[in-house]
2 protein chains.
Amino acid sequence: MDNNTEALLVDRSAKTLRQLALEKLRTAILELKFQPGERLVERSLCERLGVSRSVVREVLRHLESEGLVEGIPGHGPAVARPDPGKITQIYELRSILEAMAAQYCAAQATPADITRMRHALAAVRAGYAASDYAAVLAATTLFYETMFLAAGRDVAWDVVTSLNGRITHLRATTIATPGRDKDGAAEMQAILDAIEAHDGAAAHAASAAHLHNALQLALVQARKRG
Amino acid sequence: MDNNTEALLVDRSAKTLRQLALEKLRTAILELKFQPGERLVERSLCERLGVSRSVVREVLRHLESEGLVEGIPGHGPAVARPDPGKITQIYELRSILEAMAAQYCAAQATPADITRMRHALAAVRAGYAASDYAAVLAATTLFYETMFLAAGRDVAWDVVTSLNGRITHLRATTIATPGRDKDGAAEMQAILDAIEAHDGAAAHAASAAHLHNALQLALVQARKRG
DNA sequence: CACGGGATTATGGTATACCATAACATTAGA
DNA sequence: TCTAATGTTATGGTATACCATAATCCCGTG
């Protein structure tokens, strides 16, 4: 009978519809399937996600608190628009946190961590070669997630993820800026080289420089929106 | 007729039940009306808040994403317990962010900002004198909120607020540690003095020292819980 | 044709119903 | 008496109903 026990166990990891819908909608927003400011109409989401309004509303509450969705009183939810007054702050915070993570990653990264980051960077370059900017964004995210987790900073990664969620569109358009394919990947390469050399100070500096350049591009993009 | 126009406008700031309930429950958690790990049973909350389960569930989704409530699959929501593996990270992040804010506050604070911080510090001391640790916690929060906003760092304040929400109980017990009435207030005074002197480096250092001490106390408290 | 008013529809806010599973209480058997 | 099985209740997950307000459409008048 022992061979059959596992087959009888109820799957405790079975996710609720809410969890599934939350992941689906969050991913759709992060992959720019919606425009900033685009209305998220509950009944439409019910059809698209195949769940009831209860589930949709609860998912929207999650995403509002995560900052990906803004709830306008009397008007209903919409995909968050980057708040011009906060862009600089968000980049500043990312700079601080990413530089810290790079430094600690340089101190603690295992060969497996570095291999994973190298693969992610290769995916960044492959995305650029195919002009697939969504793939670039996803690979970039994976690069940094690996770096934060290798540094043992999962809380900071949560914070950065939340901050990034509020400027997703800006990040995507920045990534697609002419010349960024070369510069951006080179900057990430410099971060990875420093990490690989276990040089914390160089990793810190390379990361800060990368963010500084990203901010300049973001400010240019934000200005184009009037 | 112009004098009557305002009276005729529909109050656009009228809050939904959800917003009211969210604020009520968040405040109750932040004021330690619930213990860490305490179950938050939906139907009980409905009675206590006087709203339907729909509202309660949506409020709980907000608070889950804010980190104040943890949702246990198959078991329902409970007040978040400080995760031992994350306490050090949370204090580290607070240290970074608060030191940055102190530095910028020193550069930008107006006399009105400084007056407000002085009042908040006086409230901290009054709270200690009355052994009213909830008041101490509230006044401490006001002190730092003022500092962040004077520094023009509202995004960082949002981040710190969220981080603090995950360690509320720990913060409260740390505040009530013997000797903290003198040391804690003195450290905050040193921060305020540096800000008042517009000495950014001193403010940065004073803030980091304060957080370092708070972390040591927090680790002691966390160990007492096994 | 343009504008305003009224009617209709869409949408968000809230309450309630239903069901599956977890938790607790009770009963029966060893 | 203790343990296991069964029954009952509590609770979370999900769907649906109802209502108020916002948005849109249509018609009539100037």
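Just so it is clear: chains get the letters A, B, ... in the order the sequence lines come, proteins before strands, and each one is counted from 1.
- For dG12(C), its base never sits under 3.5 Å from the side chain of Arg57(A) at any donor and acceptor pair.
- When each of Ser44(B) and Ser54(B) is assigned the nucleotide of DNA chain D bearing its nearest heavy atom, the one mapping closer to the 5' terminus is Ser44(B).
- In this structure, CD of Glu64(B) is placed 11 Å from P of dG12(D), rounded to the nearest angstrom.
- Straight-line distance from the CZ atom of Arg43(B) to the P atom of dT14(D): 14 Å, rounded to whole Å.
- The CD atom of Glu58(B) sits 8 Å away from the P atom of dG13(C) (whole-angstrom rounding).
- Between the base of dG12(C) and the side chain of Arg18(B) there is no donor-acceptor pair shorter than 3.5 Å.
- Under the rule for a side chain to side chain donor-acceptor pair (under 3.5 Å), the partners of Gln216(B) that lie at least two apart in sequence or sit in another chain are His212(B).
- The side chain of Arg39(B) places an N or O atom within less than 4.0 Å of a non-bridging phosphate oxygen (OP1 or OP2) of dG12(D).
- One can place CG of Leu49(B) at 15 Å from C1' of dA15(C), the figure rounded to the nearest angstrom.
- A donor-acceptor contact under 3.5 angstrom links the side chains of Asp113(A) and Thr110(A), judged on distance only.
- Among the nucleotides dC18(C), dA15(D), dG13(C), the one closest to any side-chain atom of Val51(A) is dA15(D).
- In this structure, of dG13(C), dT11(C), dG13(D), it is dG13(C) that holds the atom nearest to the side chain of Glu42(A).
- Atom NZ in Lys15(B) sits about 19 Å away from atom C1' in dG12(C), given to the nearest Å.
- Here Glu145(A) pairs with Leu142(A), Leu149(A), Trp157(A) under the side-chain contact (heavy atoms from CB on, under 4.5 Å) rule; sequence neighbours left out.
- Between Arg61(A) and Glu64(A), at least one side-chain nitrogen of the basic residue sits less than 4.0 Å from a carboxylate oxygen of the acidic one, meeting the salt-bridge criterion.
- Of the candidates dG13(C), dT16(D), dG12(D), dT16(D) carries the atom nearest the Ser52(A) side chain, counting heavy atoms from C-beta on.
- Side chains of Leu25(B) and Leu68(B) form no contact here, defined as non-hydrogen atoms less than 4.5 Å apart.
- Between the CZ atom of Arg53(B) and the P atom of dA17(D) there is a distance of 18 Å, rounded to whole Å.
- When the P atom of dG13(C) is taken as reference, atom CZ of Arg61(B) falls 17 Å away, rounded to whole Å.
- Leu40(A) comes within 4.0 angstrom of sugar-phosphate atoms only, judged by non-hydrogen atoms across all strands, and of no base.
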